[in-house]
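Structure, as structure tokens:
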Amino acid sequence: MAKKCKCECPECMPEWLATFGDLMSLLLCFFVLLLSMSTMDAKKVKEAIGSLAGALSVLEGGTQTEISRNRIQQATPIERNEETAQTVNKLSQAIAEFKQFTAGGKGPAITLEEGEEGFFIRLPADITFKSGSAQITNEDSLLFLKRIALIIKEYLPKNIEIQVKGFTDNVPPPPTSPYADNWELSAARALSVLKILIKDGVNPKQLSAAAYGEYHPIAANATPQGRAKNRRVEIWFFSKKKQNQSKIEKSVLDKVKK
């Protein structure tokens, strides 16, 4: 009778250790997926905000401009700091939310744009005022201006000045209007927006108003669409101008005497 072979098998790992290893691998994959999903979401949100900012700043002729920290700070003389950049982002977000939660009309939309002296919010008069009137009765517009005032109080640096500018088209106010001409109407609308900002807590020392009447159009007055673009109020933000002491000393009177 043959002898039984006594083979020594190598010791295997315990069964529980295999299960534990599988569990650790699954947990690792789970957290990697969570991390990748959160990164993708953040990227999508950032792209969506950029798209909104670009879509809301549509210039005449189909050109789009996107408000960004670098472009605002490089294209304007406003002092570069995080407060200014944060203000721009908050204003852009407020405009996007206004457009999202209000019924979109066929006329011009509120935009945040760049200018030679700073950046500004363009408020179409058709959204804010009734024809020939300077009173703001639209609840959505009042809430929007309140939001702008809160952003100014919380984020805008103290060295930034705010000027509210009123503009009209070339059509005179109707006979029922209390304003004799477009000069008075544009001034009254600018002051109306300014007073609401003051009422909502903006420092009056940072504010000023200006009227331009019908003489600074951004579109042709030959069409209803062009006139709708020209009827507007702009809220400008720019740094306080540092007066040159040497230029002050050499006044016009001094030059005349010479």
Tell me which pairs pass side chain to side chain donor-acceptor pair (under 3.5 Å) where either residue lies in residues 164-188, with sequence neighbours left out. Asp169-Arg231, Asn182-Glu214
Salt bridge (Lys or Arg N to Asp or Glu O under 4.0 Å) partners of residues 141-150, not counting sequence neighbours, each pair once: Glu97-Arg147, Lys146-Asp200
Spacing of CZ belonging to Phe119 relative to CD belonging to Glu234, to within rounding of 0.5 Å: 13.5 Å
Taking the side chain as C-beta and beyond, is there a heavy-atom pair between Lys229 and Pro108 under 4.5 Å? yes
Checking the side chain of Asn203 only, and the main-chain atoms of Gln206 only, is there a donor and an acceptor separated by less than 3.5 Å? no
If hydrophobic clusters are built by linking Ile, Leu, Val, Met, Phe, Trp and Tyr wherever their side-chain heavy atoms come under 4.5 Å apart, do Phe144 and Ile152 end up in the same one? yes
Does Val202 belong to the same Ile/Leu/Val/Met/Phe/Trp/Tyr cluster as Leu150, with side-chain heavy atoms less than 4.5 Å apart forming each link? no
Compile the donor-acceptor pairs under 3.5 Å between side chains in residues 27-35 and protein atoms, sequence neighbours left out, one pair per line.
none

Set out, in order, the CA-CA distance, both residues' side-chain angles and the distance that settles side-chain contact (heavy atoms from CB on, under 4.5 Å) for Phe237 and Leu156, then state yes or no. CA-CA 9 Å; Phe237 303 85; Leu156 191 70; 3.9 Å; yes
Between Ala188 and Ala134, the two heavy atoms sitting closest are CB-CB, 3.6 Å
Which heavy atom of Gln163 sits nearest to which heavy atom of Ala210, and what is that distance? NE2-CB, 4.0 Å
Side chain to side chain contact (heavy atoms under 4.5 Å, CB included) involving Ile198 - partner list, sequence neighbours excluded: Leu194, Pro204, Leu207
Taking Tyr155 as the starting point, is it possible to reach Ile148 by hopping between hydrophobic residues whose side chains are less than 4.5 Å apart? yes
With a 4.5 Å cut-off on side-chain heavy atoms, are Trp236 and Ile162 touching? no
Under 3.5 Å, is there a donor-acceptor pair between the side chain of Ser25 and the main chain of Gly21? yes
When every non-hydrogen atom of Leu123 is compared with those of Leu145, the smallest separation belongs to CD1-CD2, 4.0 Å
Quick one: list whatever passes side chain to side chain contact (heavy atoms under 4.5 Å, CB included) with Ser192, sequence neighbours left out. Phe129, Ile136
Which atoms form the tightest heavy-atom contact between Gly132 and Pro174, and what is the distance? CA-CD, 4.0 Å
What one should report as the nearest heavy-atom pair of Ala149 and Leu197 is CB-CD2, 4.2 Å
Closer than 3.5 angstrom, by distance alone: can the side chain of Ser141 be matched with the main-chain N or O of Ile127 as a donor-acceptor pair? yes
Let me see the working for Phe238 and Ile160 under side-chain contact (heavy atoms from CB on, under 4.5 Å), right down to the final yes or no. CA-CA 5 Å; Phe238 53 90; Ile160 301 297; 5.9 Å; no
Please evaluate residues Phe167 and Val233 with respect to the criterion side-chain contact (heavy atoms from CB on, under 4.5 Å), reporting the C-alpha separation (whole Å), side-chain torsions for both, the decisive distance (0.1 Å), and the verdict. CA-CA 6 Å; Phe167 303 85; Val233 172; over 6 Å; no
Name each donor-acceptor pair under 3.5 Å that joins a side chain in residues 215-227 to protein atoms two or more places apart or in another chain, with its distance.
from: Asn221; atom 1: OD1; to: Asn230; atom 2: ND2; distance (Å): 2.7
from: Thr223; atom 1: OG1; to: Gly226; atom 2: N; distance (Å): 3.1
from: Arg227; atom 1: NH1; to: Asn221; atom 2: O; distance (Å): 2.8

Is Leu142 linked to Val164 within one hydrophobic cluster, defined over Ile, Leu, Val, Met, Phe, Trp and Tyr using a side-chain heavy-atom separation of less than 4.5 Å? yes
Identify the heavy atoms of Lys158 and Lys153 that sit nearest to each other, and give their distance. NZ-O, 4.4 Å
Does a side chain donor of either Glu113 or Thr111 reach within less than 3.5 Å of an acceptor in the other side chain? yes
Quick one, Ile235 and Phe120 - any side-chain contact, counting heavy atoms below 4.5 Å? no
Note, Phe98 side chain near Ile110 side chain (heavy atom, < 4.5 Å): yes
With a 4.5 Å limit on heavy-atom distance, are the side chains of Lys130 and Thr137 in contact? yes
